[in-house]
Amino acid sequence: MIGIFDSGVGGLTVARAIEQALPDLPMVYFGDIARTPYGSKSPDTIRTCSCRNTEFLLAQGAQLLVIACNTAASVASDLLRRLYPVPVFEVITPAIDQALCLSSHGRIGVIGTRATIASEVYRHGLHAREPHLSVFSQPCPLLVPLVEEGWLRRRETKMILRRYLHPLKCRDIDTLILGCTHYPLLHELIRQRMGRRVRLIDSSRAVALHLADALQQAPALLKQLKQTGQPSRFFVSDRTEAAARMADRIFGRPMQLERVEV
Ligand code: DGL
């Protein structure tokens, strides 16, 4: 099974993109709703939670791990790769690859939680590949709660987006990485604000395409993943009405979220 974890249900944007790219493969998802948000936590706490989440998924039979949470990926990917004997995919590298492919003038913006932006993972990753790029980062801590409230088209959300995106617009970026699980739900508003000229990189789609590609190159693993014969399951460490609504909205169908103590 493909194991996927996130700090909550936002990572279902990644699970959904993977389901669309690889419809035959069962997945086991864990959303750490009891401890969300990770975006305002310290790197140590995020790493501890990431290890616990990974161990839960491995115990459920995950043969491959996808870190859907940008915040967890930005501080815990290396640690998880060292500690656990399964292939580890994360949302950051594929988004960087896409941004490098699509950027026309080498002026790239990144938005994410405070922890993701403070880690500088996107800036370092982009500069490691293309040292002359101009990278502009903007933490957007209010966007996660707005999305979780379902305020996807509200005037207040547009105002806050305008405030966050203004400095990036002023820098004349040509590409913007949506570096958070929740931002695909604001794709249209961000597109309206930034204009059609700016390419938007959705890290959930980027990792799904990258995973599909990688599995094409690894037929033995692909076969093993197909053979598990189990249905996909979606676990959460707490179950709230708001999370259940958001899960249904992301998948466009009623989701069965199973609560577990982890
Ligand atoms: N899943 C987190 C991310 O992608 C956003 C929510 C949180 O802060 O936990 O960065």
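Values below: all heavy atoms of this structure, side chains included; hydrogens, waters and symmetry mates excluded. It should be emphasised that the depicted structure is a prediction, and the values quoted were computed from it without experimental measurement. First listed ligand is number 1; within each ligand, the first listed atom is number 1.
- The closest donor-acceptor contact from the side chain of S103 to the backbone of L100 lies at 3.5 Å or more, if one exists at all.
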Might you work through the salt bridge (charged side-chain N to carboxylate O under 4.0 Å, His left out) test for R245 and D248, ending with a clear yes or no?
CA-CA 5 Å; R245 266 200 308 276; D248 294 354; over 6 Å; no

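- Scanning the protein for heavy atoms near atom 8 (O) of ligand 1, the closest one is G39 N, 2.8 Å.
- Within the structure, ligand 1 has C180 among the residues with a heavy atom less than 4.0 angstrom away.
- Aromatic ring orientation, F251 versus F234: perpendicular (interplanar angle above 60°, classes split at 30° and 60°).
- Using a 4.0 Å cut-off between heavy atoms, V91 makes no contact with ligand 1 at all.
- In this structure, T13 OG1 and M246 CE are separated by 7.5 Å, a value rounded to the nearest 0.5 Å.
- The proximity of T181 to ligand 1, defined as any non-hydrogen pair under 4.0 Å, involves the side chain as well as the backbone.
- Listed by atom number, the atoms of ligand 1 under 4.0 Å from T36 heavy atoms are 9 (O).
- The single protein non-hydrogen atom nearest to atom 10 (O) of ligand 1 is T71 OG1, 2.5 Å, given as residue, atom name and distance.
- By the criterion of a heavy-atom distance under 4.0 Å, the side chain of T113, and not its backbone, is placed next to ligand 1.
- For atom 6 (C) of ligand 1, the nearest non-hydrogen atom of the protein is S7 OG, 3.5 Å.
- At under 3.5 Å, not a single nitrogen or oxygen of S40, backbone or side chain, sits near a nitrogen or oxygen of ligand 1.
- Between D172 and the choices R107, H105, R197, the side-chain hydrogen bond (donor to acceptor under 3.5 Å, both in side chains) rule is met once, by R197.
- When the options L178, I117, N70 are evaluated for a side-chain contact (heavy atoms from CB on, under 4.5 Å) with I111, the one that passes is L178.
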